[in-house]
Protein chains: 2
Amino acid sequence: MVSSEALAERAGTTGAQVRKDLSSFGSFGTRGRGYGVDPLHARIREILGLTRPWQVALVGAGRIGSALHAYPHFRDRGFRIVAILDMDPAKIGGAWEGTPIRDVGELEAVVGAESVEIVILAVPASAAQPLAERAAAAGVRGILNFAPVRLRLPEGVEVNNVNLAVELEALSHALSLEDARR
Amino acid sequence: MVSSEALAERAGTTGAQVRKDLSSFGSFGTRGRGYGVDPLHARIREILGLTRPWQVALVGAGRIGSALHAYPHFRDRGFRIVAILDMDPAKIGGAWEGTPIRDVGELEAVVGAESVEIVILAVPASAAQPLAERAAAAGVRGILNFAPVRLRLPEGVEVNNVNLAVELEALSHALSLEDARR
DNA sequence: GCCAGCTTGTGAAAAACTTCACAAGAAAGG
DNA sequence: CCTTTCTTGTGAAGTTTTTCACAAGCTGGC
Ligand SMILES: NC(=O)c1ccc[n+]([C@@H]2O[C@H](COP(=O)([O-])OP(=O)(O)OC[C@H]3O[C@@H](n4cnc5c(N)ncnc54)[C@H](O)[C@@H]3O)[C@@H](O)[C@H]2O)c1
Ligand SMILES: NC(=O)c1ccc[n+]([C@@H]2O[C@H](COP(=O)([O-])OP(=O)(O)OC[C@H]3O[C@@H](n4cnc5c(N)ncnc54)[C@H](O)[C@@H]3O)[C@@H](O)[C@H]2O)c1
């Protein structure tokens, strides 16, 4: 068992916050004891949609793409990278851990054949918008975008942007504030 | 010149929001015209602490470290990766684009000699906490942490965590909600 | 079977954030 | 110089999120 306070401790929040958040999905704690770790874990996996595997295509077999492909936590949680696509002839025909790198021209075919629902976009900024549009048109429902551009896509396609420069800027901002206070 | 509405359009928010946010740093628009692009850009750079360079050490010369080192937007904005550190003897002694990869044992010495203020931590989860503590003790003020652990550090050290698995989970959560609605 | 000790679940209060809406001001054109 | 047009800056209103605080309820020990 684990109490809301213990969870809050780890997550960097308060017990009340944890309880309020969890209560919005029903009540699965036991008063006086806390939350059962296994049921809680199972419930959170359900909420996050991790109880079934997701077919993922990686578009862009560059440096960040390579790091992401090697990242074991994606597969752990049911995200299956079933295809890797690139435009570089030097890369096409190669393979990463058994997954072939294919020509990005095959994007639509691959999405159809493999029932790809999520695309990880790790291509240069200039290529991101057209590729996102092609993916969306081919039936992809979600895009995790690493290119530093705001994608414009039809309603119904979920986009999540990762901008690592912003993460560093948040740090320099915080440090500047500190400096200003002294 | 650019209006709050035009900025909002690009940022995915509303004009009122942009104006409220900017107004908290003073008033540097002109009524009837909008904001001057150059002064606005300069002011935002100031707010974010980007008007002076930051000395950065990259700890962990693995796949994600390599991608980050090659990422031009860091240097663009004044983040200078002045040192790369690793523990792997096969990597130590090598160099990336002229920056030598040094033994992580030299962390404290490098932080002192190069006036490193920010560390990018790209090491396995098990190594992150002790390295963060060493960096903090050596005088590092901010840490951008890619390892999937919550670092516990003394007050005054800024930590920013990047968790890419969470970004994918946010997508699967959104897609699951969609499925549930139908 | 009852009591003591915990911890949840949740209304109510407080705080934070966003939107509204408009007076104040700036520029451009006559 | 005056009028029209445009857009900021900002109080006030509205909404969302967080915190407070405590009754309800479970468990283990006696
Ligand atoms: N490297 C990083 O740490 C980092 C961090 C954050 C964001 N990003 C962003 O991620 C993207 C990729 O960065 P990277 O460092 O991996 O670059 P990279 O140059 O190493 O890789 C880009 C890959 O995309 C491929 N590509 C180019 N155009 C294509 C197209 N039209 N279709 C398919 N593939 C195409 C290239 O052949 C290459 O393999 C960039 O937008 C970059 O700004 C990178
Ligand atoms: N690869 C990804 O896309 C990705 C994404 C998100 C987070 N992460 C996290 O980033 C970290 C690094 O991932 P990676 O894929 O680059 O792993 P990696 O194995 O490619 O690289 C890790 C590097 O750290 C070095 N290292 C290990 N222990 C060290 C120590 N004590 N001191 C100094 N260096 C040490 C290793 O020699 C290696 O060079 C991990 O914590 C991982 O979970 C990776």
Side-chain angles (χ1 to χ4, degrees), chain A residues 1-49 150 152 155 158-161 163 166-167 169-171 173-178 180-181, chain B residues 1-49 150 152 155 158-161 163 166-167 169-174 176-178 180-181:
Chain A
M1 304 289 294
V2 63
S3 73
S4 59
E5 212 60 57
L7 287 167
E9 167 78 15
R10 297 213 188 187
T13 178
T14 65
Q17 187 68 72
V18 168
R19 293 198 298 280
K20 255 277 146 69
D21 288 356
L22 290 178
S23 78
S24 74
F25 299 107
S27 74
F28 37 91
T30 47
R31 300 181 176 203
R33 305 266 62 206
Y35 300 87
V37 171
D38 288 351
L40 179 58
H41 183 244
R43 190 73 185 82
I44 291 174
R45 275 175 36 95
E46 266 176 46
I47 293 165
L48 293 179
R150 185 159 297 268
R152 306 210 137 271
E155 279 294 291
E158 289 293 329
V159 177
N160 202 349
N161 295 290
N163 188 329
V166 167
E167 306 295 333
E169 286 165 10
L171 268 186
H173 172 55
L175 298 186
S176 293
L177 275 187
E178 267 180 33
R181 264 198 292 279
Chain B
M1 303 289 296
V2 63
S3 73
S4 60
E5 213 58 59
L7 287 167
E9 167 75 16
R10 297 211 188 188
T13 177
T14 65
Q17 187 68 72
V18 168
R19 293 198 298 280
K20 255 275 147 66
D21 287 357
L22 291 179
S23 78
S24 75
F25 299 109
S27 74
F28 38 92
T30 47
R31 297 180 179 205
R33 307 263 64 207
Y35 300 87
V37 172
D38 288 352
L40 179 57
H41 183 245
R43 189 74 186 83
I44 291 175
R45 277 176 33 96
E46 266 175 47
I47 293 164
L48 293 179
R150 185 158 296 266
R152 308 209 134 270
E155 279 294 292
E158 289 294 327
V159 177
N160 202 350
N161 295 290
N163 189 329
V166 167
E167 306 295 333
E169 286 164 10
L171 268 186
S172 66
H173 172 54
S176 293
L177 276 186
E178 267 180 34
R181 264 198 291 279

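Just the heavy atoms: all of them, side chains too, but no hydrogens, waters or symmetry mates, feed the values below. A, B, ... follow the sequence lines: proteins, then strands. Residue 1 opens every chain.
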If I take atom CD from residue Glu9(B) and atom CZ from residue Arg152(A), how far apart are they, to the nearest 0.5 angstrom?
5.0 Å

Backbone of Gly34(A) reached by a side-chain donor or acceptor of Ser3(A) within 3.5 Å:
no

Nearest to the side chain of Ser4(A), heavy atoms from C-beta on, is which of dT19(C), dT8(D), dT8(C)?
dT8(C)

Roughly, in whole Å, what's the span from CZ in Phe25(B) to P in dT10(D)?
14 Å

Quickly work out the Arg31(A) CZ to dT27(D) C1' distance and round it to whole Å.
14 Å

Of the listed nucleotides dT19(C), dG9(C), dT19(D), the one nearest the side chain of Arg19(A):
dG9(C)

Separation of Tyr35(B) atom OH from dA26(C) atom P, in whole Å?
14 Å

Approximate separation, where rounding is to 0.5 Å, of Glu167(A) CD and Asn160(B) CG:
5.0 Å

Considering only heavy side-chain atoms of Ala16(A), the closest of dG9(D), dT19(C), dT19(D) is dT19(D)

Would you indicate what Thr13(B) reaches in the nucleic acid, counting non-hydrogen atoms under 4.0 angstrom: base, sugar-phosphate, or nothing?
nothing

Rounded distance (Å) that lies between atom P of dT7(C) and atom CZ of Phe28(A)
18 Å

Between atom CD in Glu5(A) and atom P in dC20(D), what is the gap in whole Å?
11 Å

Here the distance between atom P of dT8(D) and atom NZ of Lys20(B), to the nearest Å, is 14 Å

I want to check one thing: is the phosphate of dT7(D), taken as OP1 and OP2, less than 4.0 Å away from some side-chain N or O of Ser3(B)?
no

Nearest whole Å is fine: how far is dT7(C) C1' from Arg33(A) CZ?
9 Å

Please state how far atom CD in Gln17(A) lies from atom C1' in dT17(D), giving the value in whole angstrom units.
7 Å

Taking the basic N atoms (NZ, or NE/NH1/NH2) and the acidic carboxylate oxygens, is any pair closer than 4.0 Å for Arg181(B) and Glu178(B)?
no

Against Leu40(B), only a single residue in Ile44(B), Asp38(B), Val37(B) fulfils side-chain contact (heavy atoms from CB on, under 4.5 Å); can you say which?
Ile44(B)

Does Thr14(A) make a side-chain N or O approach to OP1 or OP2 of dT19(D) shorter than 4.0 Å?
yes

